[in-house]
Q: 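Could you have a look at this structure, given as structure tokens, before my questions?
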Amino acid sequence: MALGFYLCAIVYPVIRVWTWHEPAGALGEVVGWILLCVALFTPLGLFIARFMLRLRFPEQLMQWIYVAIASCFLLLPVVLVLEIARWVPGFPAGFEPLIAITSALGLAAYAALNARRVVVKTVQIANTTNLADHSIVQLSDVHIGSRSTAYLDAIVDKVISLQPTWIVITGDLLDSAAVGVDELAPLKRIAERTLWVTGNHERYEGLDKVTSLLQAINIKTLRNATFDAKPFQFIGIDDHDSSNFLISMLQQLQPVEDAYRVLLYHRPHGMHEASDWGADLMLVGHTHRGQIFPFHFVVNRFFEYSYGTYQFDRMTLHVSSGTGTWGPILRLGSRNEITHVVFA
């Protein structure tokens, strides 16, 4: 699957632009070959270095590498359009490389601006008038490390303005071993009413270490446990690659009969079982809604419910598109969201 994605999303558009390129002289040909090799082998080299050899690079360098890779990725939709446009009478033949590269860079510039905006997504839960005085804010996939402390500070400002009863963080709050208490300091302003559950990136950085960081700033961590906060019961389950883990953990926990039960988990797995267990609301993230188009199609291949609000018998599921970004600070066809759950 990964190889197929690499060949389709990176190799094909880069090679196609290169075949359209007509170098002016020997120097132009050499430059073309160099750019071709960089575009093709940087993503592969990064994958091997980070995920196979577990090497660490400076965060600033990583951001530039991620943006470069994403710009290659953005060539794909442009090249597909050009493949058709080249057959239209009057198309300026010979300008394909210029059009492709300029368009990809333009999309990258827009995606960079879009990734710096945060919107509030309101999710209204009907037939809950007994909870009308309460609301819940969900943050998910903030990715401090990829994103800055200043970005987190701006998020906290928005959260405070919503005046929620509770704030929940459904995993991937951070994604770097360099993140410490200082980088998470803005959360101190909302810590007394904030709950956190693990995501896959917390597993990568070490669950015990991350848990200690959050406990140091007085954020309550829910790890395969419940928290009674009438009229709510919050249930927090550790992230796991298998949905069977969520199911087995729920079987060990007891729903409170007269509470509105809010299940906090990182990814959209096990929804039917969660509803059968007795959850009223399930809040998840992880998918980023694909983050950068056309990666949406890959995410949709793995997750039937990749973004939005759905109903499973008694239970409402909301899948957040994420409050931050992982890798390149780019969003195309998606947005950074703070979810505001209101009851009516």
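Model, not experiment: these values are computed from the prediction.
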Q: Any chain of hydrophobic side-chain contacts (each under 4.5 Å) joining Y204 to L214?
A: no

Q: For D238, does its backbone N or O pair with a side-chain atom of T198 as donor and acceptor, under 3.5 Å?
A: no

Q: Is the backbone of D208 close enough, under 3.5 Å, to the side chain of S212 for a donor and an acceptor to pair up by distance?
A: yes

Q: Taking V298 as the starting point, is it possible to reach L330 by hopping between hydrophobic residues whose side chains are less than 4.5 Å apart?
A: yes

Q: Please tell me if the side chains of I235 and Y265 come closer than 4.5 Å, counting only heavy atoms from C-beta onward.
A: no

Q: Between R267 and H286 (side chain of the first, backbone of the second, donor and acceptor by atom type, cut-off under 3.5 Å), is there such a pair?
A: no

Q: Tell me every residue that passes ring-ring contact (aromatic ring centres under 6.0 Å, His included) with Y310, counting only those two or more places apart in sequence or in another chain.
A: Y305

Q: Does R301 use its side chain to pair, donor to acceptor, with the backbone of F297 at less than 3.5 Å?
A: no

Q: Would you say the side chain of T194 lies within less than 4.5 Å of the side chain of L139, judging by non-hydrogen atoms?
A: no

Q: Under a 4.5 Å side-chain heavy-atom rule over Ile, Leu, Val, Met, Phe, Trp and Tyr, are I155 and V119 clustered together?
A: no

Q: Indicate the atoms forming the closest heavy-atom contact of V159 with P164, along with that distance.
A: O-CD, 3.3 Å

Q: Give a yes or no on this: more than 12 heavy atoms of other residues, nucleotides or ligands lie within 6.0 Å of atom CG of N130.
A: yes

Q: Any side-chain heavy atom of I329 sitting closer than 4.5 Å to one from Y151?
A: no

Q: According to ring-ring contact (aromatic ring centres under 6.0 Å, His included), who are the partners of H269, at least two apart in sequence or on a separate chain?
A: F303

Q: So R314 and R261, side-chain contact (heavy atoms from CB on, under 4.5 Å) or not? Walk me through it.
A: CA-CA 11 Å; R314 63 172 290 158; R261 304 162 201 142; 3.4 Å; yes

Q: Hey, could you give me the CD/OG1 distance between Q124 and T309, rounded to the nearest 0.5 Å?
A: 11.0 Å

Q: Taking all non-hydrogen atoms of both residues, which atom of L317 and which atom of M271 are closest, and how far apart?
A: CD2-CG, 3.6 Å

Q: Has N114 got a side-chain atom pairing as donor or acceptor with R331's backbone, closer than 3.5 angstrom?
A: yes

Q: Any link between V79 and L107 through a network of hydrophobic side chains (Ile, Leu, Val, Met, Phe, Trp, Tyr) touching at under 4.5 Å?
A: yes

Q: CG/L80 to CG/L75 distance, rounded to the nearest 0.5 angstrom?
A: 10.5 Å

Q: Could you walk me through whether R289 and V319 satisfy the side-chain contact (heavy atoms from CB on, under 4.5 Å) test, starting with their C-alpha distance in whole Å, then the side-chain angles of each, then the deciding distance to 0.1 Å, before giving a yes or no?
A: CA-CA 9 Å; R289 201 186 183 184; V319 185; over 6 Å; no

Q: Considering non-hydrogen atoms only, spot the tightest contact between H296 and G333 and give its length.
A: NE2-O, 2.9 Å

Q: What I'd like to find out is whether the side chain of F302 reaches to under 4.5 Å of the side chain of T287, using heavy atoms alone.
A: no

Q: Is the shortest side-chain heavy-atom distance between V156 and K188 below 4.5 Å?
A: no

Q: In the hydrophobic clustering that connects Ile, Leu, Val, Met, Phe, Trp and Tyr at side-chain heavy-atom distances below 4.5 Å, which members other than I84 occupy its cluster, ordered by chain and number?
A: none

Q: Please identify each residue that fulfils ring-ring contact (aromatic ring centres under 6.0 Å, His included) with Y110, with sequence neighbours left out.
A: none

Q: Would you compute the distance between atom CG of L174 and atom CD1 of I169 and round it to the nearest 0.5 angstrom?
A: 10.0 Å

Q: Without swapping roles, check the side chain of T128 against the backbone of A344 for a donor-acceptor pair under 3.5 Å.
A: yes

Q: Locate the shortest heavy-atom distance separating V78 from I99; write the atom from each residue and the value.
A: CG1-O, 4.4 Å

Q: What distance do L332 atom CG and F295 atom CZ have between them, rounded to the nearest 0.5 Å?
A: 13.5 Å

Q: Is a donor on one side and an acceptor on the other found under 3.5 Å between the side chain of S140 and the backbone of S320?
A: no

Q: Enumerate, atom names and distances included, each donor-acceptor pair closer than 3.5 Å involving a side-chain atom of residues 86-94, sequence neighbours excluded.
A:
from : atom 1 : to  : atom 2 : distance (Å)
R86  : NE     : E96 : OE2    : 2.9
W87  : NE1    : E83 : O      : 3.4

Q: Would you say the side chain of L184 lies within less than 4.5 Å of the side chain of I219, judging by non-hydrogen atoms?
A: no

Q: To the nearest 0.5 Å, tell me how far K158 NZ sits from D153 CG.
A: 13.0 Å

Q: Between I247 and W277, is a side-chain contact (heavy atoms from CB on, under 4.5 Å) present by the stated rule, with each step listed?
A: CA-CA 9 Å; I247 298 165; W277 179 85; over 6 Å; no

Q: Check the surroundings of atom CG in N127: do more than 12 heavy atoms from other residues, nucleotides or ligands lie under 6.0 Å from it?
A: no

Q: Within the distance-only criterion (no hydrogens, no angle test), does the side chain of T19 pair as donor or acceptor with the backbone N or O of R16 below 3.5 angstrom?
A: yes

Q: If I compare all heavy atoms of R335 with all of S321, which pair ends up nearest, and what's the gap?
A: O-OG, 2.7 Å

Q: Are a donor atom and an acceptor atom from the side chains of Q291 and T325 found within less than 3.5 Å of each other?
A: no

Q: The criterion is ring-ring contact (aromatic ring centres under 6.0 Å, His included); which residues satisfy it with H318, sequence neighbours excluded?
A: none

Q: Within a radius of less than 6.0 Å around CD of Q311, do more than 12 heavy atoms belonging to other residues, nucleotides or ligands occur?
A: yes

Q: Linking directly or through intermediates, with side-chain heavy atoms under 4.5 Å: list the remaining ILVMFWY members grouped with L222, chain and number order.
A: V123, I125, L131, I136, W166, V168, L195, V197, F227, F232, F234, Y260, V262, L264, L281, L283, V341, F343

Q: Can you tell me how far NE2 of H340 sits from CD of Q138, rounded to the nearest 0.5 angstrom?
A: 12.0 Å

Q: Taking side chain to side chain donor-acceptor pair (under 3.5 Å) as the test, write out the residues that go with N300, two or more places apart.
A: S306

Q: Would you say the side-chain atoms of D141 pair up with the backbone N or O of G324, donor to acceptor, closer than 3.5 Å?
A: no

Q: I'd like to know if I160 and V342 are part of one continuous hydrophobic network [Ile/Leu/Val/Met/Phe/Trp/Tyr, side-chain heavy atoms within less than 4.5 Å].
A: no

Q: Who else is in the cluster with V256 when I, L, V, M, F, W and Y are joined by side-chain contacts under 4.5 Å?
A: none

Q: Checking E192 now: which residues fulfil side chain to side chain donor-acceptor pair (under 3.5 Å) with it, not counting sequence neighbours?
A: none

Q: Which of these passes side chain to side chain contact (heavy atoms under 4.5 Å, CB included) with T323: V137, T339, I338, T170?
A: I338

Q: For T149, give me all partners under side-chain contact (heavy atoms from CB on, under 4.5 Å), at least two apart in sequence or on another chain.
A: E183, P186

Q: Could you give me the CA-CA distance, side-chain angles and deciding distance for H143 and H288, then say whether side-chain contact (heavy atoms from CB on, under 4.5 Å) is met?
A: CA-CA 11 Å; H143 286 281; H288 290 224; 3.2 Å; yes

Q: E202 side chain to D172 main-chain N or O, any donor-acceptor pair under 3.5 Å?
A: yes

Q: Under 4.0 Å between a side-chain nitrogen and a carboxylate oxygen: does that hold for D175 and R147?
A: no

Q: Taking the side chain as every heavy atom from C-beta outward, state whether V181 and L213 have any atom pair closer than 4.5 Å.
A: yes

Q: Just jot down the side-chain contact (heavy atoms from CB on, under 4.5 Å) partners of L98, sequence neighbours excluded, or say none.
A: F95, T102

